[in-house]
Amino acid sequence: MPIAAPDTERPAGTPLAPSTCTAVVGLQWGDEGKGKAVDLLAGDHDAVVRYNGGANAGHSVVVHGERYSLHLIPSGILYPGKLAVVGNGVVVDPEKLIEEIDGLRERGVDTSGIVLSDRAHVVTPYHKAEDAIREEMLKSAGAHGSDSQEIGTTRRGIGPCYADKVQRSTAVRVGDLLRPEVLREKVAMACRFKNASLSGMDPAFKPFDPEAMTAQLAAAGERLRPAIRDTVYLLHDLLGQGKRLLFEGANATLLDVDHGTYPFVTASSCAALGIGPGTGVSDRQLSRVIGVMKAYTTRVGRGPLPTELKSEVGDRIRERGREYGTTTGRPRRVGWLDLVAVRYSAMLSGVTGLALTMLDVLEGLDEVRVCTAYRIDGEQTDRFRPDAYELGRVEPVYSTFRGFSGDIGAVRERSELPGGARAYLDFIEDYVGVPIRIVSVGPDRAQTMVDHS
Ligand code: IMP
């Protein structure tokens with residue numbers, strides 16, 4: 001089914017003010033609803049650009065009641081006529097990308113706007129095997145009394161692929177898929193390293209056949225050939241023509257490899273800080289950074305979550321919010337909103353506006369709590385502790401709000417929200433020091449309030 005033109009889809013109001021480039025980043029541990037925010041903003045931009053991560057990300061967009069789950073392709077593809085650029089900072093699993101393109105085509109989505117950087121790195125079967133074997137080894141570290149050391153990755157090969165990027169000599173880039181001789185040599189050498197190390201780690205490991213893998217990767221390269229380009233020059237050419245770019249962050253700031261809750265993070269620069277290295281476009285081009293946050297907190301995988309709710313309230317939020325991973329189907333851990341964390345993330349990415357999602361999920365609770373400070377070592381602080389060991393020791397300090405009820409999903413103006421919900425939004429704006437520009441009260445494009453000022 002073709003997707004309707006954006007103008008008929010826009011929630012009530014005038015178009016957003018013009019700006020050169022916008023970034024959309026997640027301010028928590030992922031799954032904040034960035035896909036929907038990107039989809040809403042895409043109409044005002046000429047290209048939507050991914051700069052980090054890989055098929056570990058899962059962005060859901062609902063259009064006309066139809067749900068689209070995207071992993072590698074920027075969500076802007078659901079707008080006809082937009083370029084959807086996979087930048088050099090992304091790690092691309094070619095099989096997954098082809099599967100995603102075919103899935104969209106089958107549903108009538110025009111995929112001709114997809115552009116793939118020739119410098120993006122390729123996730124291969126040995127990266128996925130390595131990810132899984134490492135996680136199993138780390139997990140069994142806990143079998144002898146100590147805690148499991150597993151990160152809880154998506155096992156999509158993300159960490160091992162970025163590690164090879166830094167190792168350099170055997171890393172395969174998208175451009176190599178089109179150079180059979182270079183590809184053959186790289187894969188042969190990589191398989192020597194991987195087969196030796198992985199068979200030492202797992203006795204059940206079956207060595208990879210470099211010839212078969214080269215053929216498989218080369219065939220994927222041929223399929224993708226029309227989309228492969230030097231995206232750095234492409235993006236600068238677009239900027240030179242006065243076109244507007246929308247950068248779509250995958251994963252989220254608290255999963256950022258440098259600034260997140262290390263070591264329970266992903267392997268890329270997820271904050272807006274990653275846009276420069278991940279696309280070749282300077283952050284000086286950004287005139288607007290939208291930080292997307294849920295009205296509560298979720299996290300998948302291991303790592304500290306100070307406001308975690310292991311209670312009926314948590315279960316209720318999980319069910320109402322359908323908090324199960326888009327990529328892995330794992331149930332997400334749920335907690336109250338942590339504003340200490342959100343303000344830290346907004347600071348890192350230079351956020352100029354907030355998009356608050358899933359407000360409707362909190363409807364009907366007797367009370368709603370928000371973490372405004374941490375207690376640690378007998379002291380109170382409103383500064384985030386990104387180190388996982390430190391964050392695991394903090395105790396949240398809460399402000400409590402009375403709950404709100406009513407059919408929030410049907411509200412289209414912020415002023416028409418129940419008083420309790422309005423007070424909640426005002427409090428968030430005051431605390432973070434950034435205005436809320438978008439409020440989402442349901443999965444559909446139409447269930448959104450946009451402040452165009
Ligand atoms: P990896 O990115 O597969 O290496 O996983 C590292 C950590 O990041 C794990 O806890 C994952 O669950 C988490 N993670 C990675 N991508 C996402 C995402 O898009 N949303 C939520 N969590 C993610």
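Note that the structure is predicted; figures quoted are calculated from it, not measured. Just so you know, residue 1 is the first one in the sequence shown, and it goes up from there. For ligands, and for the atoms within them, numbers begin at 1 and follow the listed sequence.
For the pair Asp382 and Arg343, the salt-bridge criterion is met [side-chain N within less than 4.0 Å of a carboxylate O]. Taking the charged nitrogens against the carboxylate oxygens, Asp39 and Arg445 do have a contact shorter than 4.0 Å, which makes a salt bridge.
In this structure, a donor-acceptor pair under 3.5 Å is absent between the side chains of Tyr296 and Gln28. A donor-acceptor contact closer than 3.5 angstrom links the side chains of Thr153 and Asp131.
Two residues are said to be in side-chain contact when any heavy atoms from C-beta on lie closer than 4.5 Å; Asn251 and Ser268 meet this criterion. Using a 4.5 Å heavy-atom threshold, the side chains of His259 and Met347 count as separate.
The backbone N or O of Gly175 lies less than 3.5 Å from no partner atom in the side chain of Asp118, so there is not a single donor-acceptor pair.
Annotation: Val300 places an N or O atom under 3.5 Å from an N or O atom of ligand 1; distance criterion only. For ligand 1, none of its N or O atoms has an N or O atom of Thr153 under 3.5 Å away. At a 3.5 angstrom cut-off on N or O pairs, Asp131 does not count as close to ligand 1. The shortest N or O to N or O distance between Thr154 and ligand 1 is under 3.5 Å. Among the atoms of Arg156, none of the N or O lies under 3.5 angstrom from an N or O of ligand 1.
Judged by the 6.0 Å and 45° rule, Arg330 forms no cation-pi pair with Tyr324. Note that Arg107 lies in the cation-pi zone of Tyr68, set by a 6.0 Å cut-off to the ring centre and a 45° limit from the axis.
Among protein heavy atoms, the minimum distance from atom 2 (O) of ligand 1 is reached at Thr266 OG1, 2.6 Å. Of the protein's heavy atoms, Asp31 OD2, 3.1 Å lies nearest to atom 21 (C) of ligand 1. In terms of protein heavy-atom proximity, atom 18 (C) of ligand 1 is closest to Asn251 ND2, 3.8 Å. Counting only heavy atoms of the protein, atom 9 (C) of ligand 1 lies nearest to Gly152 O, 3.2 Å.
Here atom 14 (N) of ligand 1 lies nearest to Leu255 when heavy atoms of Asn56, Leu255, Val91 are compared.
Heavy atoms of Arg330 found under 4.0 angstrom from ligand 1 belong exclusively to the side chain. For Phe264, no heavy-atom contact with ligand 1 is shorter than 4.0 Å.
Close approach of ligand 1 to Val265 (heavy-atom distance below 4.0 Å) involves ligand atoms 6 (C), 7 (C). Heavy-atom proximity to Trp29, at under 4.0 Å, picks out these atoms of ligand 1: 21 (C), 22 (N). Residue Gly301 approaches ligand 1 through these ligand atoms, each under 4.0 Å from one of its heavy atoms: 10 (O).
Tyr398 has its ring centre no less than 6.0 Å from the ring centre of Phe401.
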